[in-house]
Amino acid sequence: MKLQDLIANAKMLVADNKGLLAMDESNPTCNKRFAKLGIPQTEEARRSYRELIVTTTGLGESISGAILYDETIRQQKKDGTPFIKIIIDAGIIPGIKVDTGAKSMAGHPGEKITEGLDGLRERLKEYFKMGARFAKWRAVIAIGDGIPSQGCIEANAHALARYAALCQEVGLVPIVEPEVLMDGYHTLEKCSEVTEKVLRTVFNQLYTQRVTLEGMILKPNMILPGLKCPRQETVDEVADATVKCLLRSVPASVPGIAFLSGGQSAELASARLNEMSVRFKSRLPWALTFSFSRAIQQPALEIWQGEESNLLAAQQALYHRAMCNRAARRGEYNSLIERKGI
Ligand code: 13P
């Protein structure tokens with residue numbers, strides 16, 4: 001694939017005020033979410049749930065790309081139609097999570113390193129042949145006593161850059177996801193300081209590994225106080241701090257920044273993205289959009305409960321959340337849209 005096609009695909013993923021749907025939970029993560037709701041943790045239950053998502057009418061109005069997991073990209077609708085065909089027919093670009101998970105990092109208690117580089121070139125080629133046009137790799141950075149360490153930040157940034165270079169070689173747009181976690185007592189300032197350091201390190205590594213910035217998407221956290229921090233900033237303050245941090249650390253040649261939701265409520269994630277659009281949209285070098293999993297899927301999953309009779313209501317909830325986030329990109333999300341839709 002030519003570089004121009006890669007760059008065009010990256011642009012397409014963040015065009016038209018649409019965003020990404022992360023539906024790439026690994027089997028253990030998906031099972032954990034099912035277990036909380038009493039849904040059976042079987043391959044068939046995961047398949048039915050993914051069928052619910054990909055067959056939601058009108059999803060392509062708000063979603064530009066869907067990130068799949070290895071199990072899901074190979075699955076089919078009950079009638080035998082491959083999920084990947086349904087996604088493409090809906091005007092959505094299929095993507096794939098390609099890291100093999102964040103594992104405990106040797107010599108670094110409380111920290112993780114994301115694995116999956118071994119054999120990655122061959123796996124990427126296979127996914128491209130199957131129809132995927134972008135990929136995702138998630139690194140996790142925890143804030144706590146004495147962490148994150150330089151060693152953890154550097155190792156994760158290096159792996160992200162090696163992954164991104166391999167993706168571009170094969171013709172997949174890399175989604176580069178260094179997630180600074182919300183868990184803990186830390187302040188918003190601390191999150192900003194750590195995120196800036198992480199992003200600067202990641203972009204240094206991307207440069208060293210010769211990644212074309214025009215052909216990638218950054219997937220960062222918003223700048224937020226830890227979940228247990230007594231001071232929880234307003235939506236305006238979060239929007240300001242997030243854009244300020246990104247302006248300091250993300251080169252203007254990156255076409256788009258697609259936030260993860262990271263455990264924020266669905267409504268707060270939409271409200272914070274909306275505020276960034278209202279205040280800054282016309283002045284930013286990159287598109288700001290969403291790549292949420294929980295903040296799009298969770299309400300639908302809670303309605304579905306594994307029951308066929310709840311299917312339509314769950315699909316409506318999924319459609320609604322995707323549409324609210326598209327409104328947030330336009331800076332038009334508000335409580336009326338939240339309650340009634342557009
Ligand atoms: P959340 O939006 O639930 O944080 O998930 C985003 C994601 O894809 C994590 O890798």
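- The ring pair (Phe, Tyr, Trp, His ring centres under 6.0 Å) analysis of residues 251-297, with sequence neighbours excluded, yields the pairs Phe290-Phe292.
- For Ser62 and Lys18, the side-chain atoms include no donor-acceptor pair closer than 3.5 Å.
- In this structure, Ile113 belongs to a hydrophobic cluster whose other members, linked by side-chain heavy atoms under 4.5 Å apart, are Met105.
- Contact check for Thr289 versus Ile257: no side-chain heavy atoms found under the 4.5 Å cut-off.
- Tyr163 pairs by the ring pair (Phe, Tyr, Trp, His ring centres under 6.0 Å) definition with Trp137, not counting sequence neighbours.
- At a cut-off of 3.5 Å, with distance as the only test, no side-chain donor of Thr114 or Asp99 sits close to an acceptor on the other residue.
- Under a 3.5 Å cut-off, the side chain of Arg210 and the backbone N or O of Leu206 do not form any donor-acceptor pair.
- Under the 4.5 Å side-chain criterion, counting only non-hydrogen atoms from C-beta, Leu247 is in contact with Pro285.
- Looking at heavy atoms from C-beta onward, Met23 lies in side-chain contact with Leu68 at the 4.5 angstrom threshold.
- A side-chain donor-acceptor contact under 3.5 Å links His108 to the backbone of Ala106.
- Screening Lys97, Arg46, Arg50, Lys32 against Glu25 for a salt bridge (Lys or Arg N to Asp or Glu O under 4.0 Å) leaves a single residue, Arg50.
- Within the structure, ring pair (Phe, Tyr, Trp, His ring centres under 6.0 Å) contacts touching residues 43-67 (residues at least two apart or in different chains) are Phe34-Tyr49, Tyr49-Trp304.
- For the pair Glu51 and Lys78, the salt-bridge criterion is not met [side-chain N within less than 4.0 Å of a carboxylate O].
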List the atom pairs, donor and acceptor, that lie under 3.5 Å between side-chain atoms in residues 334-342 and the rest of the protein, sequence neighbours left out.
unit_1	atom_1	unit_2	atom_2	d
Asn334	OD1	Leu336	N	3.1
Asn334	OD1	Ile337	N	2.9
Glu338	OE1	Arg321	NH1	3.3
Glu338	OE1	Arg321	NH2	2.9
Glu338	OE1	Tyr333	OH	2.4
Glu338	OE2	Arg321	NH1	2.9

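- Legend: residues meeting side-chain contact (heavy atoms from CB on, under 4.5 Å) with Arg294, ordered by chain and number and at least two apart, are Arg33, Ser261, Gln298.
- Between Arg200 and Glu196, at least one side-chain N (NZ, or NE/NH1/NH2) sits under 4.0 Å from a carboxylate O, which counts as a salt bridge.
- Cluster partners of Ile147, using a side-chain heavy-atom cutoff of under 4.5 Å among ILVMFWY residues and allowing indirect links: none.
- Legend: residues meeting salt bridge (Lys or Arg N to Asp or Glu O under 4.0 Å) with Glu61, ordered by chain and number and at least two apart, are absent.
- For Arg162 and Gln209, the side-chain atoms include no donor-acceptor pair closer than 3.5 Å.
- With hydrogens and angles left out, the side-chain atoms of Asn31 and Lys36 include no donor and acceptor closer than 3.5 Å.
- Among Ile217, Ile96, Leu172, Leu13, the single residue meeting the side chain to side chain contact (heavy atoms under 4.5 Å, CB included) criterion with Phe134 is Leu13.
- Salt-bridge formation is detected for the pair Glu237/Arg231: a Lys NZ or Arg NE/NH1/NH2 atom is positioned less than 4.0 Å from an Asp or Glu carboxylate oxygen.
- In this structure the side chain of Leu224 never reaches within 4.5 angstrom of the side chain of Leu188, judged on heavy atoms.
- With no hydrogens or angles considered, no side-chain donor-acceptor pair links Thr234 and Asp236 at under 3.5 Å.
- Annotation: side chain of Leu199 is in contact with side chain of Pro178 (closest heavy-atom distance under 4.5 Å).
- Of all the heavy atoms in Ile63 and Gly65, the pair that sits closest is CG2-O, 3.4 Å.
- Between Arg133 and Asp5 there is no salt bridge, since none of the side-chain N atoms of the basic residue sits less than 4.0 Å from a carboxylate O of the acidic one.
- Residues passing the side-chain contact (heavy atoms from CB on, under 4.5 Å) test with Asp89, sequence neighbours excluded: Lys85.
- Between the side chain of Gln168 and the backbone N or O of Thr212 there is at least one donor-acceptor pair closer than 3.5 Å.
- With no hydrogens or angles considered, a side-chain donor-acceptor pair links Ser149 and Glu111 at under 3.5 Å.
- When all heavy atoms of Leu20 and Ala258 are compared, the closest pair comes out as CD1-CB, 4.3 Å.
- Here the straight-line distance linking atom CD1 of Ile86 with atom NZ of Lys77 works out to 5.0 Å at 0.5 Å rounding.
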Show your reasoning for whether side-chain hydrogen bond (donor to acceptor under 3.5 Å, both in side chains) applies to Thr55 and Gln315. CA-CA 8 Å; Thr55 58; Gln315 288 184 325; 3.0 Å; yes

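- At least one side-chain heavy atom of Phe83 sits less than 4.5 Å from a side-chain heavy atom of Thr72.
- Grouping Ile, Leu, Val, Met, Phe, Trp and Tyr by side-chain contacts under 4.5 Å, direct or through others, leaves Tyr69 on its own.
- Residues Glu126 and Met130 have side chains in contact (heavy-atom distance under 4.5 Å, counting atoms from C-beta outward).
- Looking only at atom types and distance, the side chain of Thr195 has a donor-acceptor partner in the side chain of Asn221 under 3.5 Å away.
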Can you check side chain to side chain contact (heavy atoms under 4.5 Å, CB included) on Val98 and Lys136, steps first, answer last? CA-CA 6 Å; Val98 299; Lys136 185 192 100 170; over 6 Å; no

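- Heavy-atom minimum distance, Ile92 versus Ala66: CG2-N, 3.5 Å.
- By the 4.0 Å N-to-carboxylate-O rule, Glu275 lies too far from Arg272 to be salt-bridged with it.
- Looking only at distances, a side-chain donor or acceptor of Thr242 sits under 3.5 Å from a matching main-chain atom of Val238.
- Side-chain atoms of Asn156 do not come within 3.5 Å of backbone N or O of Val202 as any donor-acceptor pair.
- The distance from atom CG of Leu218 to atom CG of Leu246, rounded to the nearest 0.5 Å, is 7.0 Å.
- Ile39 approaches Ala45 most closely through the heavy-atom pair CG2-CB, 4.4 Å.
- The hydrophobic cluster containing Val235, built from Ile/Leu/Val/Met/Phe/Trp/Tyr side-chain heavy atoms closer than 4.5 Å, also comprises Leu268.
- Here Lys228 pairs with nothing under the salt bridge (Lys or Arg N to Asp or Glu O under 4.0 Å) rule; sequence neighbours left out.
- A donor-acceptor distance shorter than 3.5 angstrom exists from the side chain of Thr100 to the backbone of Glu115, with no hydrogens or angles considered.
- Residues Val140 and Leu160 are members of separate hydrophobic clusters, defined by side-chain heavy-atom contacts under 4.5 angstrom among Ile, Leu, Val, Met, Phe, Trp and Tyr.
- Between Lys219 and Ile67, the shortest heavy-atom contact is NZ-CD1, 4.1 Å.
- Looking only at side-chain heavy atoms (C-beta outward), Glu179 and Pro220 stay at 4.5 Å or farther from each other.
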Side chain to side chain contact (heavy atoms under 4.5 Å, CB included), that's the test. Do Ile153 and Lys197 meet it? Break it down for me. CA-CA 8 Å; Ile153 294 175; Lys197 186 171 179 180; 4.2 Å; yes

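- Under the 4.0 Å criterion applied to side-chain N and carboxylate O atoms, Asp70 and Arg74 are assigned as salt-bridge partners.
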Walk me through it: do Val180 and Ile143 pass the test side chain to side chain contact (heavy atoms under 4.5 Å, CB included)? CA-CA 7 Å; Val180 176; Ile143 299 180; 3.6 Å; yes

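- Nearest heavy-atom pair across Ser192 and Cys245 is O-SG, 3.8 Å.
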